[in-house]
Every structure is written in C-alpha cells, then in structure tokens.
Engineer: 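Take this structure first; my questions come after.
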Amino acid sequence: MAKPDPLGREAPLFPQPEGDPSPASPLPLQAMTNPSAATPAAPEPASAPRDPRSPSTPNGAANGETPWTIASANAAYNIDRWGEGYFSINEKGEVQVTPLQAGGAAIDLSGLVQAAKEEGLDFPLLVRFQDIVRHRVNSLNEAFAAAIGENKYQGQYCGVFPIKVNQLREVVEEIADAGRPWNYGIEAGSKPELVAALAIHDNPRALLVCNGYKDRSFIRLALLGVRLGKKVILVAEKLEEIAKIIEVGREMGVEPMIGIRVKLQTKSSGKWAESAGANAKFGLSTAEVVEAVEWLQAQGKTDCLKLVHYHIGSQIPNIRNIKKAAREATRFYAGLHKLGARPEYLDVGGGLGVDYDGSKTDFHSSTNYTMQEYANDIVWNVMDICDAEKVPHPHLASESGRAVVAHHAMMIAEVFGSIEKTKEQYDLSVREDDHKLVHELAYTAKHWRRNPRESFHDIQGIREEAQNRFELGVLDLRTKARIETFYWHIAEEIFEHYRSDFGKGYIPEELRNLENHLADQYLVNFSVFQSMPDHWALGQVFPIMPLHRLLERPIHAGSLADITCDSDGKVAKFTDLNDVRDTIPLHPVKPGEPYYMGFFMLGAYQDIMGDLHNLFGRVNEMHVFLDPDEECGYYVEETIKGNTIGEVLELTQYPGADLARRMKAQVDAAIKEDRVKPSEGIRLLNEYEATLQAQTYLKLEP
Ligand code: PLP
C-alpha cells in the first residue's frame with residue numbers, strides 16, 4: 001500500500017539531476033535482423049541515458065550535473081525527517097547525533113568510530129546514546145503534563161516503561177532515573193521481568209504494572225512488592241486470575257491492587273493490529289468485566305479494583321484509532337463506576353508510534369501524529385467521556401515503550417564488498433561469426449533509444465530464446481555469456497533512461513522490476529537475525545544509510561546482504577517517503593577504505609529478540625553520554641563486549657573445554673600417525689583455542 005506523499009509530489013527512486021538531453025540516434029540505413037529496433041520511434045519521452053557509473057567529480061559538478069550537496073543527501077535518505085532532530089548530516093558530509101535535539105551538543109559518528117577502534121571494539125557495534133533515552137522520557141512526561149495543564153484535567157499522568165521493549169539494565173536504570181521527578185514507573189510482563197523490575201523500581205509513588213498471564217508465584221512476587229510499599233498493580237488478563245490474586249492476597253495478608261485488561265473492539269492498523277478485537281489473546285470480554293465486578297462485590301473486595309487497562313497494538317500509525325480506543329475504554333471505566341467499582345487509573349497501554357520513514361503518514365512505518373498530539377488526544381477524549389458520564393477523571397498511565405527507546409540505539413556495521421549486477425565496462429565487440437542473437441542485441445544496443453520500451457521487450461525475448469536454446473544444448477556457454485552481457489548493458493541503459501526522466505515520464509511496470517535486478521548487493525558484516533529481527537520476521541523497515549561520504553554522489557543503488565548463510569539474511573526493503581523502496585543509494589566501495597553503514601532506531605524490541613542464527617552472537621556495545629567537560633563533548637561510559645565464539649557454543653551445549661579436548665585428541669592422533677609435526681600440532685591447537693575467545697563476526701582486514 002502506497003502512502004500519500006507528504007510533500008505532495010511523486011518521489012523519485014532516488015533524487016538525481018537529469019542528464020543532458022542528447023539527440024536520438026539516427027535510423028540505420030539498413031534495418032538488421034531485429035525488427036522492432038527499426039520500427040519508427042514511438043513518442044517516448046526523450047532524454048539521454050545517464051551512466052550512473054561516470055562520476056567525473058565526487059559530487060558530479062564537472063559532469064554538468066547539479067552538484068551533490070547536503071540537501072541532496074537529505075533528500076536521498078530523508079534523515080532530516082526521520083532523524084527527529086537527533087540525527088542529521090554535518091558539514092563534513094557525515095552523520096552526527098544531537099541527543100538533546102536542537103541546541104544540544106553534537107556527536108560526530110566518525111569520532112565515535114575512531115573511539116571504538118581505539119577501545120579495540122570491532123564492528124558491528126551497537127551504540128546507545130543514553131541522553132536520548134532521558135530526553136524521550138522527559139518529552140513524554142512533558143507532553144502529558146502540558147496536555148493535562150491545558151485541559152485542566154483533574155488526574156495525573158503516571159506512565160510506566162514496559163520493560164519488555166528493552167530489558168537491558170543500563171537502559172532501564174537510565175529510564176528510572178530520568179523518570180524519578182515524574183513518578184514514572186515500570187511495566188513487567190513475566191516473572192523474570194518482574195524480578196528485575198522489583199529491584200530497580202525504588203519510587204513508592206511510581207506504578208509497577210504487571211501484565212501477562214500469572215501463576216501463584218508471579219502473584220506472590222508482585223504482592224511482595226506491595227508489602228514493601230510499592231504501588232504494584234496486577235492486571236488480570238483473564239477472569240480466573242482475579243480469584244487467584246484475591247486468594248494469594250488473603251494467604252499473604254496483603255490487599256492486592258487489581259487491574260483488568262478490557263478487550264476493545266477498536267483495532268489499530270499496521271503490523272500489530274491483532275492485539276485488539278474479540279480474538280485478542282489477552283483481556284476480558286464485556287460480559288467477563290461485569291462478572292468480575294460482581295464477583296469482587298460478593299467477596300467484599302471491590303476496592304481492590306484500581307485500574308482499567310487496554311492495549312490495541314504497538315506502533316499505531318493513525319491517530320484516529322488512538323482517539324477511538326481512548327473513548328471506548330473510558331466508557332468501560334465509566335461503566336465500572338456505575339456498577340459500583342472505583343477504579344482510579346486508566347492505562348492506555350502501548351502503541352505510541354515513531355516515524356521510522358519520516359513521512360508523517362499513517363503508513364505502518366510512520367505515524368500521522370506527534371507525541372504531543374498523542375497526549376492531547378488521550379487527555380481530551382478521556383476527559384470528554386468522563387465529563388459526559390459524570391465520573392471522576394482517572395489518573396492516566398501509558399505503557400509507551402517504542403517511543404521511549406527506539407531512537408537511542410543504532411548499529412554501525414562495515415561493508416566489506418559488493419556483488420555487482422552491472423559492470424563499469426561491458427565488452428560489446430561483435431565478430432562477424434558471432435551468433436545471430438548476438439548481432440541482434442548489438443544492433444539493439446545501438447538503436448534502443450528510438451523505442452526504448454519496445455527494445456526492452458525485444459531483448460527480453462532474445463534472452464529467453466537464448467536460454468531455451470542453451471537448455472536444448474544448441475547454444476554454447478560463450479555465446480550465452482555474450483548474450484547476457486549485452487542484455488544487462490541494454491537493460492541498464494534503458495532503465496537509466498526512464499529513471500533520469502522521472503518527473504516527466506514514468507517507469508513502465510515491467511521496467512520497474514529491473515531496479516531490483518540491476519541493484520548491487522552490498523555485503524555487510526552483521527546478521528539481520530541478531531540485530532534487526534523485526535525486519536526479517538515482520539518486514540518492519542528501519543532507517544539505514546551510509547554514515548559518511550555524504551557530500552559525494554552515491555552512484556549505485558543497492559540492497560544489503562548480511563553474513564549469515566541464509567538467503568533471508570538481507571535487507572531489500574528500505575524506508576521511503578512513498579511506500580518502501582527496494583534499494584538505497586550507495587557509494588562505490590573503495591579498496592582499503594572502510595565504508596560504514598548506520599542502522600538507526602534499533603532501540604525497541606530488537607535487542608532481546610535477536611537470535612543466534614548461524615551462531616552470530618550479540619554485537620559489541622558502546623554507551624555514550626554527553627559531557628561538556630570532555631574535549632569531544634561526550635564520553636564512553638561503558639563498553640560491553642559481544643559474544644565470543646566460545647560463549648555462543650556454550651549456549652548450544654558445546655562446552656569449550658570439551659571441544660578443546662576433542663580437538664587435542666585428533667591432533668595427537670595426527671602427530672602419532674606422522675601427518676602433523678608436534679610443533680605444528682601445538683600451533684594448530686592454540687589457534688583453535690584462541691578462536692573460542694574471538695568474536696563471532698568477520699574480522700575485516702584494512
Ligand atoms: N503494553 C503492552 C501490554 C504491550 O503488549 C506492549 C507491546 O506490544 C506495550 C505495552 C508496548 O508498546 P509500544 O512499544 O508500542 O509502546
């Protein structure tokens with residue numbers, strides 16, 4: 001589904017100045033064997049093909065092209081839109097980070113790359129900007145405070161961070177610390193999360209919300225928190241949990257605080273829409289809600305019901321669904337009051353989205369609202385219904401995870417090569433005794449401009465015919481190779497012809513697919529499965545771009561391949577203002593010069609869901625803090641080494657010592673049989689053992 005263009009125009013595949021128009025080639029005196037190339041020209045938009053591989057100067061200025069500037073790079077990668085003020089391009093043509101947005105200090109990523117090298121941290125490297133985490137916590141709380149103030153809303157905002165979105169201790173501690181002045185709490189969805197949350201949560205005025213299915217030990221753990229004076233609310237996901245909570249509370253002599261999750265009819269759109277509706281996995285139906293209240297009343301425990309909770313899915317792209325859900329849930333809240341219960345809190349769950357593509361639309365990778373608009377709409381709609389129903393305004397909790405942590409983490413990975421589909425130079429010479437099909441292609445190569453689209457159909461036909469003949473054994477390998485060379489050369493030229501004409505004409509459907517086929521694949525030292533699992537599993541797109549050379553025209557269009565031995569281990573869908581795109585503009589890899597790619601907004605969900613496919617482990621990490629006292633304006637608070645080969649093997653039941661023992665036995669046998677000298681055997685064994693301590697990713701040579 002394409003999204004409406006936020007700029008009100010059709011976006012080019014990637015922005016580039018048009019080539020000089022050159023006159024079409026004259027018709028040949030004598031038409032050769034290819035009939036269509038000699039057909040008089042159809043009225044196609046004419047402009048000379050632009051050779052994408054002919055940069056005379058890095059920014060193209062001497063080619064007569066518009067020079068490539070920071071504005072061009074912004075247009076190519078949209079960083080000024082999805083960067084949200086945290087990421088931008090500096091005057092050196094490199095990506096910089098401003099964790100406190102405008103007015104705050106900037107961190108050059110090239111300086112960070114250097115710092116990582118000095119620390120001996122290999123790439124891929126995950127960088128966490130802890131100030132961004134703090135900034136997001138403050139922004140969210142400020143947004144609700146502003147909305148509450150403006151509307152004279154009578155409740156307070158008491159948000160919680162859903163720990164499942166990023167459980168890393170340093171991240172959760174930072175959030176708890178930044179959130180202390182706001183009484184910002186934590187949400188846990190499992191026993192291990194609750195064990196961590198109970199220890200980190202140290203503000204008796206902040207909520208600790210427990211979601212997820214619960215057994216008795218989960219409930220006991222939560223009530224232990226209540227005994228310690230914490231505001232722990234156990235949210236019932238199904239009816240039976242309410243009785244269990246009351247029972248365990250009686251056993252422990254603790255009055256539990258109960259929430260109920262209601263199943264709303266309002267659904268979100270996008271990739272997480274199934275969290276709501278009658279078939280949702282969690283929550284009580286309307287009949288069960290009524291039953292729950294009546295049961296609590298019969299037990300004399302109505303006052304235990306403190307909170308109404310709902311969650312209609314993560315990354316809600318459209319503000320309309322947010323408003324609608326808030327209104328529907330407030331009717332439940334008001335209805336409970338009318339039944340005689342007195343819930344004090346309304347918990348609107350997660351779903352506050354982030355703008356991964358910068359389009360500010362209701363596309364799944366974007367949001368058509370801001371954080372402030374989200375807060376305004378929740379506050380106003382809850383208030384509107386409460387006033388109409390004449391019930392008190394509840395305190396408002398949200399469980400915003402993605403919006404708090406997505407921006408703070410990015411990964412830097414190195415390109416180590418490319419698989420180029422097209423060549424800089426094609427051998428287009430033709431000999432008299434060449435195959436007839438080669439002659440036809442050579443002719444089309446000269447004359448396709450007379451009728452580009454028809455010529456494209458012709459070369460497709462020729463290629464198909466060549467393939468059939470090859471399979472029948474009547475076309476030799478060399479001829480097949482020549483035919484393919486011509487085919488790709490002509491296809492590339494025709495595609496460029498249309499692409500450079502973008503804005504005036506259009507790219508015919510059959511040619512649009514060519515972009516994929518012509519795109520280069522850049523090989524990047526990382527694993528999609530470990531570092532971007534949602535891309536692999538759900539097709540979620542993340543902003544990705546080169547971190548440097550941004551004053552240089554990116555002359556290739558490419559997709560990214562990771563180092564797993566899996567054809568799924570690739571990124572061939574990228575953020576765009578219009579829908580998603582299959583490639584991004586990339587620079588040629590220069591021998592001996594590193595080329596770094598940045599993978600942005602990885603701070604939500606990706607860390608913990610990453611898996612060990614091919615046994616590629618966690619990547620190295622660097623935690624960065626702004627500090628005006630430092631010359632570079634920041635310091636590296638902590639580095640965390642990624643998994644070693646030994647560690648990932650241990651996780652799959654290969655203890656290192658056992659592996660080394662088995663290898664030693666094999667080396668001993670080889671020495672005994674005189675296949676290996678003892679000194680060499682020891683060297684081989686040492687090398688094997690040292691590898692167990694090495695990182696799982698490629699060690700790239702300069
Ligand atoms: N609360 C609940 C119950 C959830 O299931 C989720 C995630 O899906 C969240 C909160 C966090 O949502 P988000 O990251 O969209 O804010």
Side-chain angles (χ1 to χ4, degrees), residues 133 136-137 139-141 143-144 157-168 171-172 175 179 184-190 193-194 197 207-214 233-238 241 259-264 267-277 280-284 307-319 321-322 325-326 329 345-356 364-367 369-371 374-375 378 396-409 533-534 537-538 540 542 601-609:
V133 175
R136 301 296 294 175
V137 171
S139 305
L140 178 66
N141 281 281
F144 271 97
Y157 175 66
C158 39
V160 287
F161 174 68
I163 196 171
K164 74 168 170 192
V165 184
N166 195 315
Q167 293 100 337
L168 195 81
V171 174
V172 179
I175 291 171
Y184 191 61
I186 299 179
E187 182 264 0
S190 67
E193 286 183 356
L194 180 57
L207 294 182
L208 203 170
V209 175
C210 300
N211 289 323
Y213 293 126
K214 296 161 193 75
I233 300 189
L234 281 154
V235 177
E237 304 283 5
K238 55 188 174 77
E241 282 182 356
I260 46 175
R261 175 161 172 174
V262 295
K263 266 187 191 164
L264 297 190
K267 282 191 150 201
S268 171
S269 56
K271 295 195 180 286
W272 288 271
E274 290 313 309
S275 308
K281 183 171 146 188
F282 296 111
L284 276 64
L307 178 143
V308 176
H309 173 239
Y310 69 91
H311 172 76
I312 63 162
S314 192
Q315 183 64 19
I316 304 172
N318 196 330
I319 191 70
N321 302 105
I322 290 167
Y345 298 91
L346 179 65
D347 177 348
V348 303
L352 169 56
V354 294
D355 197 359
Y356 288 101
H364 61 74
S365 48
S366 185
T367 57
Y369 56 92
T370 61
M371 192 184 259
Y374 173 83
I378 299 261
L396 291 169
S398 80
E399 302 173 355
S400 309
R402 189 184 297 274
V404 171
V405 288
H407 293 86
H408 91 282
D534 275 348
L538 298 164
Q540 193 197 327
F542 293 90
M601 296 171 76
L602 298 182
Y605 301 100
Q606 306 314 294
D607 279 312
I608 214 64
M609 296 203 311

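In this chain, numbering begins with 1 at the start of the sequence shown. In listed order, ligands and their atoms are each counted from 1.
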Engineer: Would you say the side-chain atoms of Asn166 pair up with the backbone N or O of Gly603, donor to acceptor, closer than 3.5 Å?
Structural biologist: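 At least one qualifying donor-acceptor pair exists.
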
Engineer: Where does Phe282 meet ligand 1, judged by heavy-atom distances below 4.0 Å: at the side chain, the backbone, both, or neither?
Structural biologist: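 It is neither; nothing of Phe282 touches ligand 1.
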
Engineer: What atoms of ligand 1 come closer than 4.0 angstrom to any heavy atom of Gln315?
Structural biologist: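 Heavy-atom distances to Gln315 below 4.0 Å select 15 (O).
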
Engineer: Is ligand 1 under 4.0 Å from a heavy atom in the side chain of Lys164, in the backbone, in both, or in neither?
Structural biologist: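 For Lys164, only side-chain atoms sit under 4.0 Å from ligand 1.
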
Engineer: Under the rule for side chain to side chain contact (heavy atoms under 4.5 Å, CB included), what residues qualify as partners of Ala403, not counting sequence neighbours?
Structural biologist: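 If we apply the side chain to side chain contact (heavy atoms under 4.5 Å, CB included) test to Ala403, skipping adjacent residues, the hits are Arg136, Leu352, Val354, Met371.
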
Engineer: Looking only at distances, please establish whether an N/O atom of ligand 1 is found under 3.5 Å from an N/O atom of Asn211.
Structural biologist: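 No, Asn211 has no N/O under 3.5 Å of an N/O on ligand 1.
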
Engineer: Answer side chain, backbone, both or neither: which part of Glu399 comes under 4.0 Å from ligand 1, heavy atoms only.
Structural biologist: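 Both backbone and side chain.
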
Engineer: Looking at Tyr605, which atoms of ligand 1 are within less than 4.0 Å of one of its heavy atoms?
Structural biologist: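 That gives atoms 7 (C), 8 (O), 11 (C), 12 (O), 13 (P), 14 (O) of ligand 1.
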
Engineer: Which of the atoms of ligand 1 are close to Ser400, meaning less than 4.0 Å from one of its heavy atoms?
Structural biologist: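 Those qualifying, in numeric order: 16 (O).
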
Engineer: So, does His309 use its side chain to make a donor-acceptor pair with the main chain of Asp347 at under 3.5 Å?
Structural biologist: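 Checked: no pair found.
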
Engineer: Is the closest heavy atom of Gly351 to ligand 1 under 4.0 Å?
Structural biologist: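 Yes.
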
Engineer: Can you give me the closest heavy-atom contact between Tyr310 and Ile312, atom names plus distance?
Structural biologist: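 Shortest heavy-atom contact: CD1-CG2, 4.2 Å.
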
Engineer: Run the side chain to side chain contact (heavy atoms under 4.5 Å, CB included) test against Ala375 and tell me which residues pass, sequence neighbours left out.
Structural biologist: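 Once residues adjacent in sequence are excluded, the partners of Ala375 under the side chain to side chain contact (heavy atoms under 4.5 Å, CB included) criterion are Ala143, Phe144, Ala147, Gln372.
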
Engineer: Are side-chain heavy atoms of Phe282 and His311 found at a separation under 4.5 Å?
Structural biologist: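 With C-beta onward as the side chain, the pair stays apart.
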
Engineer: With a 4.5 Å heavy-atom cut-off, do His364 and Tyr356 have their side chains touching?
Structural biologist: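 A side-chain contact under 4.5 Å is absent here.
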
Engineer: Only heavy atoms of Arg402, strictly under 4.0 Å: list the atoms of ligand 1 that pass.
Structural biologist: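 The list of qualifying atoms is 13 (P), 14 (O), 16 (O).
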
Engineer: Which of the numbered atoms in ligand 1 are below 4.0 angstrom from a heavy atom of Gly401?
Structural biologist: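 Matching atoms, with element in brackets: 13 (P), 14 (O), 16 (O).
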
Engineer: Taking the side chain as every heavy atom from C-beta outward, state whether Val171 and Val405 have any atom pair closer than 4.5 Å.
Structural biologist: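 Yes, side chains in contact.
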
Engineer: Side chain, backbone, both or neither: which part of Arg261 comes within less than 4.0 Å of ligand 1 when only heavy atoms are counted?
Structural biologist: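 Near ligand 1, Arg261 shows its side chain, while the N, CA, C and O stay back.
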
